[in-house]
Number of protein chains: 2
Amino acid sequence: MKVLDQAAHRRFKDELYQEFARLGQALASPRRLEMLDLLAQRERSVEDLAQEMGLSIANASQHLRILAHARLVETRREGTRVYYRLAGDQVFRLWQALREVGEARLAEIGAIVQRYLGERDQLEAIDAAELLRRVEVGEVVLLDVRPFEEYRAGHIPGAQPVPPERLEQILQTLPRDREIVAYCRGPFCIFSDEAVARLRQAGFAAHRLRLGLPDWRVLGLPVAKGDTDDAP
Amino acid sequence: MKVLDQAAHRRFKDELYQEFARLGQALASPRRLEMLDLLAQRERSVEDLAQEMGLSIANASQHLRILAHARLVETRREGTRVYYRLAGDQVFRLWQALREVGEARLAEIGAIVQRYLGERDQLEAIDAAELLRRVEVGEVVLLDVRPFEEYRAGHIPGAQPVPPERLEQILQTLPRDREIVAYCRGPFCIFSDEAVARLRQAGFAAHRLRLGLPDWRVLGLPVAKGDTDDAP
DNA sequence: CACATATTCAAGTATTCTCTTGAACATGAA
DNA sequence: TTCATGTTCAAGAGAATACTTGAATATGTG
């Protein structure tokens, strides 16, 4: 341990906070936050992400390079494609912390949700272990209403994959005497809102789980992978 | 719950992520992160902060206004002074999450610490409840080596206030047969490093508690307030 | 090898951010 | 009221950022 004079102490702090600020800078763009939110669901290639977000390839690549320099994402090359993924659960927790502060403190966020979505169903109170038990004994039908690729990359055990475009088809196959719970990417993802709205219209007792799959994962709850849960 | 067409869904996401990015932008400046770190210790006036950080008043005020617009800090007026404080523990947790990602993922941060400080003593493993018990029974002497005002605003119960400039004076009063533990603002604060270095040089068995007072607080551990612990 | 595809890099422009300076505003004291 | 103090606001210079376009690079295929 060296003892620092005042000037050195100032330089130390300047350099240190400068590094932390690199992370803040990476979080300072709406595009990059959306990328983090999408990458929390599953890894994706540059083109794939650009397409989903409506960005030019070069622009998407640029944003991803910035996230990579801040070490918030990592890459993997497969042939000619480069797949980006979150650099660990800690990064998701950072995005989660940001999301929670925003939700709790920025009235503007509540206002936007209200303006676009009106009142939303929220299944806040339910205990995760209790939900799992009910799914297991068949009291509750759990639907994963994200795009199928995201289901495949990880889902709540016992959940049934129901990508938005397939909801209509499976309406007939759902039991009318059981509670239906739908979840998707996270608190601000609307797939589950829309699924619940449609299900209720069709006469089902449907609710929305507020948590997304990544939130579920970082709670330490079990996550299943693969195409189907038939062979766990 | 309204159903959104694709364009409305895009607008919804754009507006939403834009708001979250305001928080990221507030975290994107090294100065503002340093401010959050200082405000996590105690509320401070603009001039006071500007002085400690070596900024012009106008510049400090400007940064603080940005933090306030992002609702990360709140203000209180007292006479002609305006005191800024963190807008709740959640905000500290956000800064903590950023700090942890940086610490874990940015090699540059480890390099800076290494370059300025060399190897640091770290009392990681100790259990907080165990520490409190030992302090209570007198096995451990706990020193709060932050500036006195920060001690007064909140400290670990049983800790003795030892602002850096007073360390020399109290050296004689410390028992030589007990372990001494010093803590300060947080993992990157060097007050405790310097205190420990001096104490060891003087022959004491001294260690550094990695946690700062705000970290301690958000763990839900007890925090004492006021000038002294004599009348708890 | 030439060719196609996915990604990255480089340069340019418009915008935004930081810090400075000096003026304006708010509060309390004389 | 006038004055002093602490804070905020407004304008401007210089640096950094976001997005576009087009070229360069890397990998796999015929």
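Keep in mind that the numbers below use all heavy atoms, side chains included, and drop hydrogens, waters and symmetry copies. Residue numbers begin at 1 in each chain, while the letters A, B, ... track the order of the sequences.
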Chemist: Using atom CG of Asp14(A) as one end and atom P of dC19(C) as the other, report the distance to the nearest whole Å.
Modeler: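 To the nearest whole Å, that distance equals 10 Å.
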
Chemist: CE of Met53(B) versus P of dT18(C): gap in Å, rounded?
Modeler: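 Rounded to whole Å, this separation is 12 Å.
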
Chemist: Set out, in order, the CA-CA distance, both residues' side-chain angles and the distance that settles salt bridge (Lys or Arg N to Asp or Glu O under 4.0 Å) for Glu168(A) and Arg198(A), then state yes or no.
Modeler: CA-CA 9 Å; Glu168(A) 283 305 321; Arg198(A) 179 70 188 98; 2.4 Å; yes

Chemist: Whole angstrom is fine here: how far is it from CD1 in Ile57(B) over to P in dA26(C)?
Modeler: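 These atoms are roughly 19 Å apart.
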
Chemist: Using a cut-off of 6.0 Å, state whether more than 12 heavy atoms not belonging to Arg10(A) lie near its atom CZ.
Modeler: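 Atom CZ in Arg10(A) is crowded, with more than 12 foreign heavy atoms closer than 6.0 Å.
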
Chemist: Mark yes when over 12 heavy atoms from residues, nucleotides or ligands other than Gln6(B) sit less than 6.0 Å from its CD; otherwise mark no.
Modeler: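 Counting other residues, nucleotides and ligands, CD of Gln6(B) stays at 12 neighbours or fewer.
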
Chemist: I need the CG-P distance between Asp48(A) and dT7(C), as an integer number of Å.
Modeler: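 Those two atoms, CG and P, are 9 Å apart.
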
Chemist: Between Tyr84(B) and dG6(D), does any side-chain N or O lie under 4.0 Å from OP1 or OP2?
Modeler: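 Checking dG6(D) against Tyr84(B), no side-chain N or O comes under 4.0 Å of OP1 or OP2.
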
Chemist: What's the closest nucleotide to the side chain of Arg32(A) if the choices are dT7(D), dA18(D), dC9(C)?
Modeler: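 From the listed options, dA18(D) comes nearest.
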
Chemist: With sequence neighbours left out, write down each residue that passes side chain to side chain contact (heavy atoms under 4.5 Å, CB included) with Ala7(A), or none if nothing qualifies.
Modeler: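 Residues passing side chain to side chain contact (heavy atoms under 4.5 Å, CB included) with Ala7(A): Asp5(A), Arg11(A).
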
Chemist: Is any side-chain heavy atom of Tyr116(B) closer than 4.5 Å to one of Leu4(A)?
Modeler: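 Yes, at least one pair of side-chain atoms sits under 4.5 Å.
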
Chemist: Figure out the CG/P separation between Leu64(B) and dG6(D), and round it to whole Å.
Modeler: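 Whole-Å distance recorded here is 16 Å.
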
Chemist: Ile66(B) has an atom CD1; how far is it from atom C1' of dC9(D), in whole Å?
Modeler: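 The answer, rounded to whole Å, is 13 Å.
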
Chemist: What is the separation between atom CZ on Arg22(A) and atom P on dT17(D), rounded to the nearest whole Å?
Modeler: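 Taking CZ of Arg22(A) and P of dT17(D), I get 11 Å after rounding.
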
Chemist: Check whether any side-chain N or O of Arg22(A) sits under 3.5 Å from a backbone N or O of His69(A) as a donor-acceptor pair, and report yes or no.
Modeler: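 Answer holds: yes.
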
Chemist: Rounded off to whole Å, could you give me the CD-to-P distance for the Glu43(B) and dG6(D) pair?
Modeler: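 Computing the Glu43(B):CD to dG6(D):P distance gives 16 Å.
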
Chemist: Can you build the contact string for nucleotides 19-30 of chain D? Use B for base contact, S for sugar-phosphate-only contact, and - for no protein heavy atom under 4.0 Å.
Modeler: BBBB----SS--

